[in-house]
Every structure is written in structure tokens, then in C-alpha cells.
Amino acid sequence: MIKALRGMKDLTFEESERFVHIVTTATTIAKRYGYSYIETPILEETKLFKRSVGESSDIVGKEMYQFEDKGGNDVCMRPEGTAGVVRSFVQAKLDRRQNEKFKFYYYGPMFRYERPQKGRLREFHQFGCESFGEASVYEDFTIIQMIGDIFKALGIGYKLKINSLGCPECMPPYRQNLVEFLTECKDELCEDCNRRIETNPIRVLDCKNEKCQSLLVNSPKLIKNLCSSCDDDFAKLERLLKSENIEYELDTNLVRGLDYYSKTAFEFVSNEIGSQSAIAGGGRYDRLVEFLDGKSTPAVGFALGIERIMELVKMPEVKRSGYYLGAMDEEAIDSLFPLASKKRDTEKVTVEYAPKKLKAHLKNADRVNARYCAVIGEDEFKDRTIWIKDLVEKKEVVVAWEEL
RNA sequence: GUAGGCGUAGUUCAGUUGGUAGAGCACCUGUUUGUGGCACAGGGUGUCGCGGGUUCGAGCCCCGUCGCCUACCCCA
């Protein structure tokens, strides 16, 4: 038997229903916030991700589905959504249209070659939004609010963590500071952290190693070393969240795993889905458009993990709906089709092609969760009528074919 | 890449010191030849992951292998 590849899943029945429910809910809300749909390719040039996500990140460093295509191009299955959207934004020269704002939402599969576990697949799906051209922190707030709306509509609980990663003004001096601090205690830090001091010292902050964390308690905090512009914006963000009663906690160690973030960074987490607890994450990436050869354009965005959210949503109970059509004798089967065709203008219709006893039809109707079980028996066929039972109200009627 | 756990019916799982393969749910048939869910009676639907080995005999013991799950790591 051929099975799906490791870390790749089929979704059917209630699972696929839940998947669609999440996408539709998120889409509806994103549209209310002025976002329009963007579809970008799954396959992109490897360079795109190296330059956006960053070569120091694990995603690019060791988790990409990377290969040479038949034309000899070095390509990757996208490991995340933002890079492709920004590439598309620049390619369409939307970056030249200064003072205009562009808001896009997307959803689709992402690929990372990791060891699968709970909440972590090799092919997984994200829903995300990217807002271009808006430098105001009000936009950061609005995006957080929108995610809150989505989770509220889906009926799931979460905790919001926020942090500021600073800007080109304040990040480099802080980084220098941090490197000095880390170098002093490097003997006690774990192997990974020692490597990160060179490659990406900020990543040391969210090391999961307990010993490292205990040493980091006294590390310099970026949040205390922001430039005045970043500091003002972060204060404003906190004020806005408070005034809208959006609960959050400051997490000074929150560092997004992708290199392109600056200023506002946030993460929505759940404690109900195992160790892979991040259900949404995002932040500001004012410099990414430039990195990808566009004109400097402020931007902010987020992505949410659909499979992780699927573990949290409860679907509304499915009610009986539509018609089940069947016949008790072979000669009556043909007459079902005009009736089905007519009913399908407005209703879900299931047709049984084999003649069966009434009891079997009722059972089938039950099984497909139909509201009405409609059967043509011997008498009905003679009279050109059909017997209909409402499976909820338990009422029965016989009507002429024309009246169905 | 590392560590632990698990692979037996459609599904969830039991299976004793090695001795003819089991249960609940689901499914099918009937009680009811035109009335679903409920009840009752009956029905097992299986390459015990795969390949070797030990043994008179292996679901069980040994070796190997594949797969799944969880955690580290990473992140949505």
C-alpha cells in the first residue's frame, strides 16, 4: 500500500470541515479589515528564502525542501508565506506606488523538513496577512486585534505575548551589548548558544535550556535599550491593547525565528496543544522589502498555523439537511433523476441508485444526515407521486412529482 | 540528528509461564416483505507492520528492518 509521505496528512470528514471552517472564518474577518486575496507559487528560487528568512535561521539552514529543477534552477518549496508575498509585491512594482497601502491575505501549504510530532508536520498550512505601506504602530495594533477577532470567532482561548525587537537605530548597539554579556558567561551556556553568539546572538534569548535561561535573567534587555522612536511606539501599542482590553504579557525573550522582523513582535500561544504551542505569530518587517530589491516600504504581518488551531476548534453541530431520494423497484429509479435535478437548485440531494426496501432507505437517509427521506414505492410509481418523511419532525406526506 | 513509547479486525484496544485469534464500538442479517435512531438474536470481517532466527509449536522469546506517536531541537 502506498502511504502519504512522512509528516504529510490527508484531511477528510470532520477534519477537512474544521480546516475549511478556520479558513473561511479567517478570510471573512481579514476582508472586514480590508485585506484582499493573494496567491503566490509554492515553489520559489532558493535565494528568496536565504535573503528574507535568513541563512542563520534553522528554517533555511536545515529544514527546506530544496532541489534543482530540470532547468537547473536552485528552488525551494516555500517554508513560510511572507517571503513570496513580498517578492510578488516588489515584482509587481507596488513598492513604487508610494503613499498607497496594500493589504493581502493568503493561505496554503508550507513545507519544512523536520521530525514530525504533535502540532508539527512537514507539510502544514498557514493563513496569513501582510500589510504594506503603513508605518504606524496603529497598524501593528490593528493586526493583533484582527487575530483576536479570528480566535474569538473560532471560540478558542490563547495567551498573547509581545516584545519589541528594535530598529536599525537601537538594535545594533544592543546586540553589541548582548554579545559582550554572553561572551562573559559563554563557558556556562549550552553548545547551541555558543554557536549563536557568533551567528545570531538574539536567538540565545529564547534558548529553551533551563540553565541558559537562568543565566539570561540578568542579560541586558532590548526593551530597556530601545531608541526613543521604538520606545514610543511600543508604549503606544501597550496603551492601545490595554484600552481595548486585550490581555497580553511582555516577553522580553520573544524573538521571532525569522531574521526579517523588527520593532513589534508577537506570538499567540495555547497551553492545550502540547509543546508546539504557538498558534499564530508575526510582527513588523520594515526592511524586508528593501532586502528583496524593492523601495523601502514599511510592512507588518502575521501567520497562523491551521493544523494547530484545528486541535482547538469545536465545530458547531451539523444539522440534518437536504433530501435523500430512493426507489423500491428498479423501474422507478429513472424517475428519481429529474426530481433530484430540480431539488438540487436549492438543496443537498443524495440519490440511491439501487432499489431497496423502505427500511434500508430510511437507514441510508439517516446515515447521510438528510432531513427528508423521499422514496418512490410501487403505489407512488403508479400514481406519479413520492413519499416524503421529515426525519426530524417525523411527519410524512405524499406529493405529486411536479410538486416536489 | 538524539531519546522514549507503540505497531493485533473498519476503529479503540485485550491477549497469562510460548499451546487452534479475542472484546467494546462500527458494520451486515433477522425480529419488522412500506417506517431510521432504540431493543433483542445471530454473523468475525485478521498477512498479529515486514524479514529472518530459536522451538515440536511464536501475537508472545531473539536479531534486523520499516512505520507511527511523543519529547529534545525548531516554529505556525
Side-chain angles (χ1 to χ4, degrees), chain A residues 1-9 22 26 53 56-64 78-82 107-128 147 158 190-193 195-196 200 203 206-210 254-258 261 266-270 273-283 301-312 320 324 326-329 355-381 387-392 394-396 398:
Chain A
M1 181 178 31
I2 297 171
K3 287 192 268 189
L5 290 171
R6 173 164 236 210
M8 310 207 172
K9 284 248 159 65
I22 291 165
V53 179
S56 68
S57 70
D58 282 18
I59 293 178
V60 169
K62 46 191 187 194
E63 297 173 0
M64 288 210 292
R78 63 181 182 197
E80 57 97 48
T82 302
Y107 66 90
M110 308 294 163
F111 301 84
R112 294 183 197 173
Y113 197 88
E114 301 180 85
R115 281 298 267 268
Q117 66 179 72
K118 193 174 171 65
R120 188 170 73 188
L121 294 164
R122 287 182 174 176
E123 179 183 19
F124 61 103
H125 296 77
Q126 289 188 335
F127 175 94
I147 302 167
Y158 58 84
C190 74
E191 212 177 297
D192 285 335
C193 286
R195 182 169 39 78
R196 289 184 188 123
N200 195 347
R203 297 310 314 274
D206 68 347
C207 179
K208 303 293 190 298
N209 188 309
E210 272 179 42
L254 172 63
V255 177
R256 313 261 55 248
L258 294 67
Y261 287 108
F266 57 83
E267 200 165 279
F268 287 72
V269 297
S270 164
I273 53 170
S275 72
Q276 304 302 313
S277 58
I279 52 175
F302 78 94
L304 49 83
I306 298 178
E307 283 86 351
R308 288 185 188 174
I309 291 165
M310 280 174 65
E311 308 235 329
L312 297 166
R320 287 183 179 284
Y324 168 93
M328 295 172 68
D329 304 289
K356 284 186 189 316
K357 290 189 289 186
L358 183 64
K359 183 178 173 146
H361 283 310
L362 282 160
K363 214 167 184 177
N364 284 348
D366 209 29
R367 200 167 293 170
V368 299
N369 218 19
R371 171 76 192 258
Y372 301 99
C373 178
V375 177
I376 300 177
E378 201 180 336
D379 298 343
E380 288 86 0
F381 185 64
W387 172 90
I388 303 166
K389 179 165 184 175
D390 180 331
L391 297 179
V392 177
K394 302 178 197 303
K395 283 179 188 152
E396 302 168 28
V398 175

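The figures here come from the full heavy-atom set of this structure, side chains too, leaving out hydrogens, waters and symmetry mates. All figures in this text were calculated on a predicted structure; none of them were measured in a lab. To find a chain, count down the sequence lines: A is the first, B the second, and so on, and within it residues start at 1.
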So what does [X] hit on the nucleic acid, given a heavy-atom distance under 4.0 Å: a base, only sugar-phosphate, or nothing?
X        : value
A:Glu396 : base
A:Gly274 : sugar-phosphate
A:Asp379 : base
A:Glu378 : base
A:Lys356 : nothing
A:Leu391 : base
A:Glu311 : nothing

Closest nucleotide among [options] to the [X] side chain:
X        : options             : result
A:Leu358 : B:G36, B:C75, B:G34 : B:G34
A:Lys118 : B:G36, B:U70, B:C28 : B:U70
A:Glu114 : B:G34, B:A76, B:C69 : B:A76
A:Gln276 : B:C28, B:C72, B:A76 : B:C72
A:Ile59  : B:C75, B:C73, B:G34 : B:C75

What integer number of Å spans the [atom1] atoms of [N] and [M]?
N     : M     : atom1 : value
B:C69 : B:C13 : P     : 14 Å
B:G30 : B:A14 : P     : 35 Å
B:C60 : B:C48 : C1'   : 10 Å
B:G37 : B:A26 : C1'   : 15 Å
B:C72 : B:U12 : P     : 25 Å
B:A9  : B:G22 : P     : 14 Å

Sort out the partner of [N] for me: Watson-Crick or G-U wobble, both distances under 3.5 Å, none otherwise.
N     : value
B:A21 : none
B:A39 : B:U31
B:U70 : B:A3
B:U54 : none
B:U65 : B:G49

For [N], does either OP1 or OP2 sit under 4.0 Å from a side-chain N or O belonging to [X]?
X        : N     : result
A:Ser277 : B:C75 : no
A:Gln117 : B:C72 : yes
A:Lys9   : B:C69 : yes
A:Arg115 : B:U2  : no
A:Arg367 : B:C28 : yes

Roughly how many Å is it from [atom1] in [X] to [atom2] in [N], rounded to a whole number?
X        : N     : atom1 : atom2 : result
A:Glu63  : B:G1  : CD    : C1'   : 12 Å
A:Tyr324 : B:G36 : OH    : P     : 14 Å
A:Lys357 : B:G34 : NZ    : C1'   : 11 Å
A:Phe127 : B:C75 : CZ    : P     : 23 Å
A:Met64  : B:A76 : CE    : P     : 15 Å

Any N or O donor-acceptor pair under 3.5 Å from the base of [N] to the side chain of [X]?
X        : N     : answer
A:Arg6   : B:C66 : no
A:Arg308 : B:C75 : yes
A:Lys359 : B:U35 : no

- Task: Kindly determine whether A:Tyr158 and A:Ile279 satisfy side-chain contact (heavy atoms from CB on, under 4.5 Å), including the steps that lead there.
- Result: CA-CA 8 Å; A:Tyr158 58 84; A:Ile279 52 175; 4.0 Å; yes
- Query: Quick check: are there more than 12 heavy atoms from other residues, nucleotides or ligands sitting under 6.0 Å from OH of A:Tyr107?
  - Reply: no
- Query: Above 12 or not: heavy atoms from other molecules or residues under 6.0 Å from CD of A:Glu396?
  - Reply: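 Check passes, neighbour count above 12.
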- Please tell me which of A:Leu5 and A:Phe268 maps to the more 5' nucleotide of RNA chain B, matching each residue to the nucleotide holding its nearest heavy atom. A:Leu5
- Query: Starting at the 5' end of RNA chain B and moving along, which residue's nearest nucleotide shows up first, A:Pro116 or A:Ala303?
  - Reply: A:Pro116
- Task: Specify the closest pair of heavy atoms between A:Met110 and A:Glu80, including all atoms of both residues, with the distance to one decimal.
- Result: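 Looking at all heavy atoms of both residues, the shortest contact is SD-C, 3.4 Å.
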- Item | N-O pairing of A:Arg112 and A:Glu123 below 4.0 Å | no
- Message: Quick check, does A:Trp387 stack with B:G34? I mean ring centres under 5.5 Å and planes off by under 30°.
- Response: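 No, aromatic ring not over the base.
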- Task: Check for a donor-acceptor pair, side chain of A:His361 on one end and backbone N or O of A:Ala327 on the other, with a separation under 3.5 Å.
- Result: yes
- Message: Between A:Arg371 and A:Leu391, does the side-chain contact (heavy atoms from CB on, under 4.5 Å) criterion hold? Intermediate values first, please.
- Response: CA-CA 6 Å; A:Arg371 171 76 192 258; A:Leu391 297 179; over 6 Å; no
- Message: Check for me whether A:Arg122 meets the cation-pi criterion with A:Tyr113, that is, NZ or CZ under 6.0 Å from the six-membered ring centre and within 45 degrees of the ring axis.
- Response: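 That pair qualifies as a cation-pi contact.
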